[in-house]
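Order of the sequence lines fixes the chain letters, A, B, ..., with proteins taken first and strands second; residue numbering starts at 1 for each chain.
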2 protein chains.
Amino acid sequence: MPTISDVARLAGLSRATVSRVINNHPYVSDAKKELVLKAMRDLGYIPNSAAQNLRKQKTNIIAVLVPKLTNPFFAYLVESIEEKAAENGLQILICNTKYDKKRELEFLRYLKTKQVDGVIMTSIENGWEVIEAVIWSGPIVLCNEYSAKANVPSVRLNQLQGGYMGTSYLLNQGYTKIGYCWGGILSGLAHDRFFGFEQAMTESGLSVNNNWLFESAFSIEDGRRIMNEIAKMADKPNALFTGSDEVAAGIISEAKKLGLRVPEDIAVVGFDDQPISEVIEPALTTIRQPIKEIGAKTMEVMINLLSNEEKTTAKIYELPLELIARESS
Amino acid sequence: MPTISDVARLAGLSRATVSRVINNHPYVSDAKKELVLKAMRDLGYIPNSAAQNLRKQKTNIIAVLVPKLTNPFFAYLVESIEEKAAENGLQILICNTKYDKKRELEFLRYLKTKQVDGVIMTSIENGWEVIEAVIWSGPIVLCNEYSAKANVPSVRLNQLQGGYMGTSYLLNQGYTKIGYCWGGILSGLAHDRFFGFEQAMTESGLSVNNNWLFESAFSIEDGRRIMNEIAKMADKPNALFTGSDEVAAGIISEAKKLGLRVPEDIAVVGFDDQPISEVIEPALTTIRQPIKEIGAKTMEVMINLLSNEEKTTAKIYELPLELIARESS
DNA sequence: CTGAAAGCGCTAACAG
DNA sequence: CTGTTAGCGCTTTCAG
């Protein structure tokens, strides 16, 4: 493995000059530059990034924390973030927290070990106090997530609007016995969405039925479970706002198994507009999140933070959602 | 940001001793160790990984190249690889090549820049000659992929068996007009699978109909497109081996739109046993790949390579596939 | 425009 | 068991 010294020796120049060529500095004569380039080629030289990172005190890597990589929403989000990162000469390090506090903390440590220059969090598992302890080591940007206490920028979707939109749609279709599925923790985002649901209900003079609030709803399997719970109820909801296409898919699939018709017996609204929502039958009414836009915006904010053009504040960037009406409600 | 020197100073010891504590070396008296630990705590010290990487000439990071992160198969595969990596104190760097030669090459460079200690490739875009040029910088392991020319270990599934199994199943169900969908490039893996298809056909005294070979089949959309092509044919296949659950889902969904019955009018076999296959209607007959096992095995081989217990050879580890019979055929 | 020199923060002989 | 010393490979003043 040739080093910069080998290149310098072969080119008959100093390491400083070679370094200048590597980093595209001005003030290197074309002649010497050619010499260096040739030597680099001849030796198959590639700069060692650990050395560069150490010396420059930066890595050009941004950690992107996601709670579940196998959730298409996050897979697409990561893709959009990566795209914007690449455009700006940055690399991303995908960190799959699996909704686990400890794992999240380990990844946040990367900021302190200088393995990454910044962190984008697409979910928050730990309390903000814990996260705050890390932040002075580098910028953090929240994406599709927020915490009331967080004093960092966050780029997110208008979840309140999402909850309101989905619920209103059901109400307009004439459903009044509406159930609600959610993950289980009323973190900022989930809270807003629920608030939107509540608001739409209230405005229609309806109240929320606590028996129809289903938690721990994440996966297709959870959807099936919830549908079975509903089937056993004496007083059943006739519509569900699920907060996730996967959960919605599970509900629809199980409902059909149970001999129920969707949307006649039970209407369903998903969230995300994932590929599955077009393929399932009946096709899913869902709420599309502008994934590309949110990813790009998040990276943009991060880049500004890194270049100190912007300083860390709790600024919120909010993007709109869109309801995609299909057949399930 | 405190450094090792700050810790040493505060503890009244040398940097060497602090380093020993950091790295859990034996031969540090408990008393001094306590002193160091306390100093580290008091300062909030965390070792700088760029410095460690430079000094140790290794990063404990393995790059995992995947062609498409939004494909659930790869998302799950990455998860299983990560799990095994974490168990062994390794970190993975997920690299999304997007089926792009140039991106693949950029990621392979990480091996030369010493950003990673090894590379796991779950697809190959470039010719092997190109890849070979990189390999002396560190170990490469192929996962669910192989190249005839590759002189590195590969952990893969028996695709020939997969192609054979899916086709035989269709034949046993009485279908004889069987079409075949594939990505478009007959790389090792795809070739084996096709060969299995051919073999099953031949054994049944059937020949492959070239009109029913559909290429560029990757996504749900592609499935829809193919189904529409079929609808226009005078002589139509009555069964399809798709090589992908996504494509199969697209085909089924579109077939129903066209008023066709699945499997009566057209039977479909998928590949991967992705979540979608259970939710779509009719549920998809598909071929399950042991993702957990293949990921774990791949990492195991990588770890042996890194520890020099094993040297790089073209050894092949092959895992079996399993047919999951459902309703689509 | 170019080179010499001084580290970035850490680890690993080696000597004691 | 502990400290001294010599770098890992690169970049960046500072002179010239």
Can you tabulate the close N/O pairs, meaning under 3.5 Å, that link protein atoms to atoms of nucleotides 12-16 of chain D?
{"from": "D:dT12", "atom 1": "O4'", "to": "A:R55", "atom 2": "NH2", "distance (Å)": "3.2"}

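- Heavy-atom neighbours of B:K98 NZ from other residues, nucleotides or ligands within 6.0 Å: above the threshold of 12.
- Counting non-hydrogen atoms under 4.0 angstrom, A:K32 reaches the backbone sugars and phosphates but no base.
- B:P47 and B:I22 make their closest contact through CG-CG2, 4.0 Å (heavy atoms, listed as atom of the first residue, atom of the second, distance).
- Contacts between residues 35-49 of chain B and DNA chain C, counted as heavy-atom distances below 4.0 Å, involve B:Y45, B:P47, B:N48.
- Under 4.0 Å is where a charged nitrogen must lie from a carboxylate oxygen, and between B:R9 and B:D6 at least one such pair does.
- Within residues 1-10 of chain A, the residues having any heavy atom closer than 4.0 Å to DNA chain D are, in order of number, A:T3, A:I4.
- Each of B:L54 and B:Y27 was assigned the nucleotide of DNA chain D with the nearest heavy atom; the assignment lying further toward the 5' end belongs to B:Y27.
- Taking the side chain as every heavy atom from C-beta outward, A:I62 and A:M299 approach each other to under 4.5 Å.
- To the nearest 0.5 Å, atom CG of residue B:L10 and atom OG of residue B:S5 are 12.5 Å apart.
- A heavy-atom distance below 4.5 Å is found between the side chains of B:E34 and B:L37.
- Taking atom CD1 of residue A:I22 and atom P of nucleotide D:dG9, one finds them 13 Å apart after rounding to whole Å.
- The residues A:E106 and A:R103 are annotated as not salt-bridged, no charged nitrogen and carboxylate oxygen being separated by less than 4.0 angstrom.
- A 4.5 Å side-chain heavy-atom check between B:E132 and B:N151 finds at least one atom pair inside the cut-off.
- C:dC1 atom P lies 15 Å from atom CG of A:N24, rounded to whole Å.
- The closest side-chain donor-acceptor pair between B:Q91 and A:Y110 falls under 3.5 angstrom.
- Residues A:Q52 and B:S29 each lie close to DNA chain D; by heavy-atom proximity, the contact nearer the 5' end of the strand is made by B:S29.
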Going through the checks in order, is the side-chain contact (heavy atoms from CB on, under 4.5 Å) test met by A:L306 and A:L90? CA-CA 11 Å; A:L306 288 171; A:L90 294 172; 4.2 Å; yes

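- One can place NZ of A:K33 at 11 Å from P of C:dT2, the figure rounded to the nearest angstrom.
- A pairwise comparison of heavy atoms in B:K101 and B:N126 identifies O-ND2, 3.0 Å as the closest pair.
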